[in-house]
Amino acid sequence: MEAPAMEPGEMEAMLRAAAEFAVRLMYLGWMKLLPHAWTKYFLRDMEHHFCQAMAFIQAGLLANSKNIRQLACKAVIHLLDKAGDSAVVVDTFVQHNLYPLLMNCLTKGDEEISAISLDGIKRLAQIPKGIEIIFPPNGQGSVQLHKVAAQSSAMARIRILSLIAKLFAVSTYTATAIYDSNLLSLFEDEIKDRRDMLKTLSALEVLYELVEHPHSNIFLLKTNLLQLMVDVINDSSADSIVRSRATLISGRLLSSADAFTTIDRNCVANLLLAIDKLLKMEESQNTDETESALEALGLIGTTSAGACLLLTNSSNAARHVVEASFGRQGRGKQLAALHAFGSISGVDRQEDQIKLDNQAEERLKRFVYTTARNSPKLTPSALLLSVLQQDPDTRITGYRVISGLVAREWCLMEICSKLDIINLVTDPKMEMTKLGMEARHDCCLAISKALSSSHLLHEPSLSELIGKLNEAVKRGPYLSERKRVEPQPVVVPAESLKRGILEWAARIRTRDLWL
């Protein structure tokens, strides 16, 4: 049953009582009790008296007590969750000037208050008309955020960047509003000034979070952020962790299929040259930087357009991936390279997009055979077998590589020429983890599919190999070769059963006596 509306006199009396009660508690030093009292006596009526509740929230957001401000921020989220009429939300937020107060809590509150107020602003943006408070049609909202950032401390500016990232993820509409308001330039401003490493790294971490959203590339690639990432990677004075994060952000920015339709190719070429330069460094390399560079190349090579660019670009960035996949110059580096190699070879793409254009395919084949020829293994099949004979994590990435490469006829022939490879990928006892079992089975499926459309399918010498593959595919990823033993009924004569029960009872009595 809905509570009756409060009369103005009742509301005024309640406010006076609340103020008097709060003063008494503060005088007695019982600040820890205040939030509980506030919750008990006032929050229970807020969802029924939305407009009246805003007066309490406004007072709470202006309070000196951290506990009260924290509770007021939580009350905002509580009311926004309960509010059904978005028009009422907009009107009351504007009337009580709550959005600027929330922004003040975001930028000047402690870490906990800042996090809660950020969630409150994000919740406001999720209401259809709530975004109009943050980005009004007249454009004043964007000016306000820029102004707040310009007048804030370094920590507060990072919090504003976090707010932008959270709002960006709400919807394409909010992302468009952020881009049209030129708020993405705040990231550029923070990253350009690299005198404070922690500040730059914090900005990059927030940007890394932002580029994870599916629609981020559409907007971010229209800015100068990618070129800025290239500048950071090329900056030898920057800390290695800063360059590593910039490299990964670049990879994420170019990991979508539509990225290469909007970005300047010269900028992409500059990025590949910067990564190539990083991987060519012969002196003691930073492991994290190398692994990040390889991971970024894998992200770029996820799409057909990106893989073609990596393989045909003058920097030959893909060559580093192939060589590092079989180099054994560090476990982390090899794992990152093998994972990237699988992405470039097409394991993450649709079946009809695994193969690339003729030039890229020829380069891919040349890189693999050249790497094999320059190694003690001499052949690609021996290289792949050596990967499958290593530790479980390396084998999983090896399965990925084979699953992508085997769509090429030359790779299929290499694999079929090495029965040991087939024995390993069809061995149901080879992997003990779910991820390993699934990767091994996917590898079997990929080889089987490649054979089904190849002339090798009718080769008599491969009949045993094909039989093993078919059996492994049919068995699935989780079943081993051990046959399941069904329980069998056992017939026990009555006398034997009686004798057994008596013996069991005697043992029980003996044990009880000892106890």
Side-chain angles (χ1 to χ4, degrees), residues 298 301-304 306-308 311 318 321-322 325-326 335 337-356 360-361 364-365 367-369 372 379-390 392-431 433-459 462-479:
T302 303
T303 64
S304 298
C308 286
L311 290 163
V321 175
V322 178
S325 295
F326 307 105
L335 286 174
L338 283 167
H339 196 278
F341 192 14
S343 298
I344 294 170
S345 62
V347 70
D348 300 317
R349 297 194 289 269
Q350 296 292 331
E351 191 173 343
D352 59 342
Q353 297 179 351
I354 292 179
K355 289 187 178 181
L356 308 170
E361 286 293 334
L364 177 61
K365 181 180 177 181
F367 289 155
V368 173
Y369 275 94
T379 63
S381 59
L383 281 180
L384 293 171
L385 177 61
S386 69
V387 170
L388 297 181
Q389 290 172 333
Q390 296 181 47
D393 290 337
T394 306
R395 282 202 305 272
I396 290 173
T397 54
Y399 295 139
R400 273 177 53 87
V401 172
I402 293 175
S403 298
L405 278 182
V406 77
R408 285 87 179 169
E409 187 76 13
W410 59 266
C411 183
L412 179 62
M413 293 176 66
E414 288 285 343
I415 290 171
C416 291
S417 69
K418 208 77 168 175
L419 187 59
D420 288 342
I421 293 178
I422 302 300
N423 289 336
L424 284 173
V425 299
T426 57
D427 183 359
K429 300 176 183 177
M430 192 68 186
E431 302 300 332
T433 64
K434 180 176 181 290
L435 183 62
M437 293 175 185
E438 291 174 349
R440 182 193 62 78
H441 186 255
D442 289 343
C443 185
C444 290
L445 276 173
I447 298 172
S448 182
K449 282 184 180 179
L451 272 170
S452 65
S453 58
S454 170
H455 69 278
L456 296 174
L457 181 64
H458 306 291
E459 193 71 35
L462 299 179
S463 57
E464 180 185 354
L465 179 150
I466 294 170
K468 282 189 174 185
L469 281 170
N470 290 338
E471 184 182 348
V473 170
K474 189 183 299 182
R475 188 166 51 236
Y478 310 117
L479 296 179

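Values below: every heavy atom of this structure, side chains too, minus hydrogens, waters and symmetry copies. Please read these numbers as outputs of a predicted model, since none were measured by experiment.
For the side-chain hydrogen bond (donor to acceptor under 3.5 Å, both in side chains) test, no residue two or more places apart in sequence or in another chain qualifies with R349. Considering only residues two or more places apart in sequence or on other chains, Q353 meets the side-chain hydrogen bond (donor to acceptor under 3.5 Å, both in side chains) condition with none of them. Judged as a salt bridge (Lys or Arg N to Asp or Glu O under 4.0 Å), and not counting sequence neighbours, K365 has no contacts. Partners of T303 according to the side-chain hydrogen bond (donor to acceptor under 3.5 Å, both in side chains) rule, which considers only residues two or more places apart in sequence or in another chain, do not exist here. Considering only residues two or more places apart in sequence or on other chains, K434 meets the salt bridge (Lys or Arg N to Asp or Glu O under 4.0 Å) condition with E438. For D348, the side-chain hydrogen bond (donor to acceptor under 3.5 Å, both in side chains) test picks out S343, R400, with sequence neighbours left out.
Here the straight-line distance linking atom CD1 of I447 with atom CG of L469 works out to 5.5 Å at 0.5 Å rounding. Once rounded to the nearest 0.5 Å, the distance linking SG of C444 with NZ of K474 reads 14.0 Å. The line from CG of L388 to SG of C443 is 7.0 Å long, rounded to the nearest 0.5 Å. Residue T397 holds its OG1 atom at 10.0 Å from CD1 of I402, rounded to the nearest 0.5 Å. How far CG of L384 is from OH of Y399: 12.5 Å, rounded to the nearest 0.5 Å. Distance CZ/F326 to CG/L338: 6.5 Å, rounded to 0.5 Å.
Contact detail for K355 and R408: the closest heavy-atom pair is CA-NH2, 4.0 Å. Between P380 and A372, the closest heavy-atom pair is N-CB, 3.6 Å. G436 approaches T433 most closely through the heavy-atom pair N-OG1, 3.1 Å. The minimum heavy-atom distance between R440 and L424, with the atom names listed, is CD-O, 4.2 Å. Heavy atoms only, all atoms of each residue included: A307 and I344 are closest at CB-O, 3.8 Å. S403 and V347 make their closest contact through CB-CG2, 3.9 Å (heavy atoms, listed as atom of the first residue, atom of the second, distance).
Residues V401 and V387 fail the side-chain proximity criterion, which asks for heavy atoms closer than 4.5 Å. The shortest distance between side-chain heavy atoms of F367 and V321 does not fall below 4.5 Å. Within the 4.5 Å cutoff, side-chain heavy atoms of Q389 are placed close to those of L385. In this structure, F341 and L405 have side chains that are in contact, with non-hydrogen atoms separated by less than 4.5 Å. Counting heavy atoms from C-beta outward, I415 and V425 have side chains that stay 4.5 Å or more apart.
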Side chain to side chain contact (heavy atoms under 4.5 Å, CB included) evaluation trace for C416 with L451: CA-CA 9 Å; C416 291; L451 272 170; 4.0 Å; yes
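Looking at E414 and K418, no side-chain N of the basic residue comes within less than 4.0 Å of a carboxylate O on the acidic one, giving no salt bridge.
Formation of a donor-acceptor pair under 3.5 Å by the S304 side chain with backbone atoms of L356 is not found in this model. In terms of modelled atom types and a separation under 3.5 Å, the side chain of S448 and the main chain of L445 share no donor-acceptor contact.
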